[in-house]
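Only heavy atoms go into these numbers, but all of them, side chains included; no hydrogens, no water, no symmetry mates. Ligands are counted one by one from 1 in listed order, and the atoms in each one are counted from 1 as well.
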Amino acid sequence: MTVGIDRINYYVPKTYLDLETLAAARNVDVAKYKRGIGQEKMSIPDLHEDIVTMAAEASAPIIDNPDQIDMVFFATESGVDFSKAAGIYLHKLLNLKPTVKVIELKQACYALTSALHLAIDYVKNHPGQKALVVSSDVAWYGFNTPGEVTQGAGAIAMMISENPRLATVTPGVTYTSDVPDFYRPNTMDVPVVDGKFSIDCYLEALKETFQAGDYPYVCFHMPFAKMADKANASLTSSKMDEDQLAVIKSVSKEIGNIYNGSLYLALIGVLIHHPQGLEGKTIGMFSYGSGSIGEFYTLTLTPRYASVNPVDRYLKGLSERKSLSIEAYEKAMNHYVKREHSLDYQAPLSQGFALVAIEKGHRIYKAK
Ligand code: COA
């Protein structure tokens, strides 16, 4: 039985901060952000948004019939509760059956890749069932920090089924190593990050797991787009040229880091640039989660992937956004941090999936 990714979708908030605006406010040469780090914009969650609403926005367009889903894997490193899985809130918003199993997975930016492989195994062991794999994160490092320029927010959703229309996936090669490159203790809002060390740990994991092959693209986890250049330069074979690199960075540089989903934004970039033409082609995928686990696996696009490749919708997600002033960005993130510390909260009115209130720490959402 062939099991794999039937459909994929991404969601980014409708507001962003242009890094020119950030550079001017922080008195930094904009070339450092745009050329040195490789980013153009960072997406900023709206007042009504959190990881649950973003996950719902990413998932809804790829669900034809909610009753077909039997399992939800929700990967995040910006969880809203230590005990309750964010996927339970998502389960209600998506109107899924009460018999659905829902779990949350965590291992920095790697958990989504693990969720994908677990979901494939689950569907193989439960013929006829479907699993929804979703990640949603807000990458928040704090104002005036070295990581500020590498922030972002967004979600990825994938439907895993038999006879997948998008891609099949091979089991990966993993490398696990206990390193203090990036972690967020329970007492902290922002991660402890040693950015330079983290780059070294990332490259070490890539060296230990990479499998050479004839790939049109190798998608890399991108905490910032320049990381893809560094990763590519470290390869001893299957290196990409500048044009190929531009494709895998094309979406990430417009959005910033969405943690778990960042690797999959590289894949969305490939799908946008190739509405068709990559049938049967195998793409390299390198996932890295600080702390750390690296995994290299491959993904082969099916002969009919073009039938589930809504390029217009992908592009609309990027074009229908509005730029924020530095004051609006700071207000939005101050609001986000304050709200995440609130046991009681009432949200302003909004459209779409929305967090409308927090009551004694329990979150209340509204569907579209
Ligand atoms: N014009 C062009 N490039 C410039 C420049 C300028 N005026 N000024 C600096 N640069 C380049 C630097 O040469 C450097 O390039 P290199 O890495 O190829 O050498 C790059 O811009 C970054 O400059 P640097 O001084 O290293 O920046 P920094 O000390 O502010 O740190 C990060 C950058 C990415 C390490 C930091 O933003 C960070 O820690 N981000 C978080 C990363 C993360 O999340 N990691 C964990 C998940 S994997």
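Considering Leu22, Ile255, Asp18 as possible partners of Met42, the one that fulfils the side chain to side chain contact (heavy atoms under 4.5 Å, CB included) test is Leu22.
Checked by atom type, the side-chain pair Asp70/Tyr122 shows no donor-acceptor distance below 3.5 Å. Looking at Thr300 and Thr282, their side chains do bring a donor and an acceptor atom within 3.5 Å of each other. Between the side chains of Lys84 and His362, at least one donor N or O sits under 3.5 Å from an acceptor N or O.
Put simply, OH on Tyr288 and CG on Leu206 are 11.0 Å apart, with the number rounded to the nearest 0.5 Å.
At a 4.0 Å heavy-atom cut-off, the residues surrounding ligand 1 are Asp29, Ala31, Lys32, Gly36, Ile37, Tyr141, Pro146, Gly147, Thr150, Phe182, Gly195, Lys196, Ser198, His221, Pro223, Phe224, Lys226, Lys230, Tyr288, Ser290, listed by chain and number.
In this pair, Tyr215 and Phe210 present their aromatic rings perpendicular. The plane angle is above 60°, beyond the 30 to 60° band.
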